[in-house]
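Structure, as structure tokens:
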Amino acid sequence: MASIVGCLPITSLTSITQISQFPENPKSLILQQCKTPKDLRQVHAHLLKTRRLLDPIITEAVLESAALLLPDTIDYALSIFNHIDKPESSAYNVMIRGLAFKRSPDNALLLFKKMHENSVQHDKFTFSSVLKACSRMRGLKEGEQVHALILKSGFKSNEFVENTLIQMYANCGQIGVARHVFDGMPERGIVAWNSMLSGYTKNGLWDEVVKLFQKILELNIGFDDVTMISVLMACGRLANLEMGELIGEYIVSKGLRRNNTLMTSLIDMYAKCGRIDTARKLFNEMDKRDVVAWSAMISGYAQADRCKEALNLFHEMQKGNVDPNEVTMVSVLYSCAMLGAYQTGKWVHFYIKKKKMKLTVTLGTQLIDFYAKCGYIDRSVEVFKEMSFKNVFTWTALIQGLANNGEGKMALEFFCLMLENDVKPNDVTFIGVLSACSHACLVDQGRNLFNSMRRDFDIEPRIEHYGCMVDILGRAGFLEEAYQFIDSMPFPPNAVVWRTLLASCRAHKNIEMAEKSLEHITRLEPTHSGDYILLSNTYALVGRVEDAIRVRSLIKEKEIKKTPGCSLIELDGVVHEFFSEDGEHKHSKEIHDALDKMMKQIKTLGYVPNIEGARLEAEEENKETSVSHHSEKLAIAYGLIRTSPRTTIRISKNLRMCGDCHNATKYISQAFERMIIVRDRNRFHHFKDGLCSCKDYW
DNA sequence: AGGAGGCCGC
């Protein structure tokens, strides 16, 4: 023991050692009053000087403080432990429990092994700690060995041990075995029920959570806040508002509204069930909002497709001096990606680096998606390379991003690299890969990949994959083959599939098949305005103006609601929205003038407005309309006057760009010497010097 | 207690 004394800083005295009378039994002093590692070292030194450390009860109190209560003192605890002559089982238990919750839980197992070798008797506390270590390290094999030992040692029916067995099996993905242990218990306390419930939540078995909770209600055995947290999580995922509200009412009736953890779960449940405003009301009523509550609320807005509000709330969070963490940032970046809010997202990335936040797989994946959705695919690749651990989500996000940014070939290269790295693609990965083929006109590769799905990867193609194939064939002009392909599908085609074909018919001016496609679509989705417009535009392209007008008038006759075009532009971190339906009167004279000037200037370069298109739209709107009213033109004009020369203008639009706007933007990029990046409904257009990266293939 | 990728088109 003498060797420890040498490393103790006994020079400075803190308030604790200044206590004039050191108590007879200092156990509670050690456990309750040592608040920092420094306090503990002072007390330890005092105990050494007075030789009180020879008392095992006191030594164990010091061990408990160092191993369990104080942060970063596990090594200190170990050095004390290693100097105990013959540690008793209680000393081992403290150490094993401490190690189980530290960075390397496998050290707990090593100590357990040593305990066994030294023939020190283990008890229920030992087993429950060792199982916790197995649970944390996802060590199923080790856990099973411990389980065998438990059966041999006769601790099988100890409730503590059985509860941790449930947790261990559930954590290691063996939910069936966990349930088996649960079912075999002669008596189950609420901890056993809660362990089983949280096991189901960890494995995403939300239905089972609700079922088990219903059993708790039937048996009338009572439950606690831990139970409610699991059930609320499940209600959120299942959108089971009925049961979620039941628990909400219970919380209010029992006066549990001060329980912040519980309230956060309730807020999250309401948000996930689409009751975002109810969630917000509860959030506002909380008296202390921590980072988790803020994150839940921000993520709620993001999931409800109210990304502008998500970002506003994030700004409020910062004003409230609550530091965001990597979970918050995932929702914030998601919102930036949805809105195309590049500046905000770039700042978030900077903040993540500055605060040295952990680049978790989720956060890294979200960053990749964010950069890709803002048209900065190079940055996506950079982030991808920086990430130390990548999973199938990460690879898929990158592949999808490359595909949407016109880098179809590179997307396929990364797909090969993914396979070389032994990451198994899933169904979504194939959607990314196939859409890469369609955007890059890689017909044969597309066919081969589609055929390999079931054959080589055991993935059953779903309607989405068939949809991609129709897109690949149709865009490339193989309309007949695309039609046959739809015919050969093992399930009935949906409206999306027919709409894909219809869009290809417009691109390749095939009236007959376009009419057929619309017939199919209207049977499935009769109130979808876009399809009539597609057919109308196809007629217009081949000069059948009367037919084009007739089809458009159908929209009005059938009282179908049109989706207004909307473009976003972010300036100095603020997102501005422009709607085509606003008409010019809604915008300031400044924007109106800028638009006029812009259109005049590109006309001098040879831009010819699509008068026919304008006439068609005017017919339908029953009012005077000019070709310059589309929202992306407004947003670009606004960008031109509000940003300094040569700055890149970035627009994101909710619909596909129309041919006229695409053509005009090429001229604008030339006339004003601007790089213009437009993200439309499903891909990117990088305009520069009068050309577009999509090579007019879209 | 809070977090990631998804066919078409308007």
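Each chain gets a letter, A, B and so on, in the order the sequences are listed, and its residues count up from 1.
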Whole-Å distance separating the CG atom of A:Asn426 from the P atom of B:dG6: 12 Å
The side chain of A:Asn494 is closest to which nucleotide in this list: B:dG3, B:dC7, B:dA1? B:dC7
Would you indicate, yes or no, if B:dG3 has its OP1 or OP2 atom less than 4.0 angstrom from a side-chain nitrogen or oxygen of A:Lys272? yes
What's A:Leu655 touching, base or sugar-phosphate or nothing? Going by heavy atoms closer than 4.0 Å. base
Base, sugar-phosphate or nothing for A:Val291? Non-hydrogen atoms, less than 4.0 Å. base
Using a cut-off of 4.0 Å on non-hydrogen atoms, how would the nucleic acid contact of A:Met233 be classed: base, sugar-phosphate, or nothing? sugar-phosphate
Could you tell me how far apart A:Met657 (CE) and B:dC8 (P) are, to the nearest whole angstrom? 18 Å
Heavy-atom pair with the smallest gap, counting every atom of A:Ser195 and A:Gln167: OG-NE2, 3.0 Å
Nearest to the side chain of A:Ile229, which nucleotide is it out of B:dA1, B:dC10, B:dG5? B:dA1
Counting only side-chain nitrogens and oxygens, does A:His439 get under 4.0 Å of the OP1 or OP2 atom of B:dC8? yes
N/O (side chain, A:Lys373) to phosphate O (OP1/OP2, B:dG6) under 4.0 Å: yes
To the nearest angstrom, how far is A:Tyr371 atom OH from B:dA4 atom P? 19 Å
Quick note, A:Val327 side chain, CB onward, closest among B:dC8, B:dG2, B:dC7 is B:dG2
Looking only at side chains, do A:Arg289 and A:Asn284 share a donor and an acceptor under 3.5 Å apart? no
Side chain of A:Phe393 (C-beta onward), nearest among B:dA1, B:dG3, B:dG5: B:dG5
What nucleotide among B:dG5, B:dG2, B:dC10 has an atom nearest to a side-chain atom of A:Val392? B:dG5
Just to be sure I understand the rule, does A:Gly530 reach a base, reach only the sugar-phosphate, or reach nothing, if contact means heavy atoms closer than 4.0 Å? sugar-phosphate
Please step through salt bridge (charged side-chain N to carboxylate O under 4.0 Å, His left out) for the pair A:Lys653 and A:Asp680, ending with a clear verdict. CA-CA 5 Å; A:Lys653 191 183 165 162; A:Asp680 74 14; over 6 Å; no
With a cut-off of less than 4.0 Å, is there a side-chain N or O of A:Gln303 near OP1 or OP2 of B:dG2? no
Tell me what A:Ile463 touches on the nucleic acid: a base, only sugar-phosphate, or nothing, going by heavy atoms under 4.0 Å. base
Tell me what A:Thr394 touches on the nucleic acid: a base, only sugar-phosphate, or nothing, going by heavy atoms under 4.0 Å. nothing
At less than 4.0 Å, is any side-chain N or O atom of A:Thr500 found next to OP1 or OP2 of B:dC7? Yes or no. no
Under 4.0 Å, heavy atoms only, any strand: does A:Tyr466 hit a base, just the sugar-phosphate, or nothing? nothing
Heavy-atom nearest pair, A:Ile298 first then A:Met317, reads CD1-SD, 4.0 Å
Separation of atom CE in A:Met338 from atom C1' in B:dG3, rounded to whole Å: 16 Å
Does any donor-acceptor pair link the side chain of A:Asn391 with the base of B:dA4 at a separation under 3.5 Å? yes
Using a cut-off of 4.0 Å on non-hydrogen atoms, how would the nucleic acid contact of A:Asp268 be classed: base, sugar-phosphate, or nothing? sugar-phosphate
Base, sugar-phosphate alone, or nothing: which one does A:Thr261 contact when heavy atoms must sit under 4.0 Å apart? base
Proximal nucleotide (of B:dG3, B:dC8, B:dG6) relative to the A:Ile431 side chain: B:dG6
Whole angstrom is fine here: how far is it from NE2 in A:His662 over to P in B:dC10? 13 Å
For the pair made of CG in A:Leu501 and P in B:dC8, what is the distance, rounded to whole Å? 14 Å
Look at the side-chain N and O atoms of A:Arg289 and state whether any lies under 4.0 Å from the OP1 or OP2 oxygen of B:dG2. no
A:Trp395 and A:Phe384 aromatic centres sub-6.0 Å: yes
Compare the minimum distances between each of B:dG2, B:dC10, B:dC7 and the side chain of A:Glu464, then state the nucleotide with the smallest one. B:dC7
Using a 4.0 Å heavy-atom cut-off, does A:Asn325 contact any base of the nucleic acid, only the sugar-phosphate backbone, or nothing at all? base
Think A:Arg506 has a side-chain N or O under 4.0 angstrom from the OP1 or OP2 of B:dC10? yes
Out of B:dG3, B:dC8, B:dG2, whichever nucleotide has its closest atom nearest the side chain of A:Arg475: B:dC8
Which heavy atom of A:Gly364 sits nearest to which heavy atom of A:Val383, and what is that distance? O-CG1, 3.9 Å
Ring centroid separation for A:Phe415 and A:Phe430, is it under 6.0 angstrom? yes
Nearest listed nucleotide, side chain of A:Leu534, among B:dG5, B:dC10, B:dC7: B:dC10
Decide whether A:Gln484 and A:Ser488 meet the rule of one side-chain donor and one side-chain acceptor closer than 3.5 Å. no
A:Leu473 has an atom CG; how far is it from atom P of B:dC8, in whole Å? 14 Å
Counting side-chain heavy atoms from C-beta on, which of B:dG2, B:dC10, B:dG5 comes nearest to A:Val292? B:dG2
Check the distance between B:dC8's P and A:Arg462's CZ and give it to me in whole angstrom. 14 Å
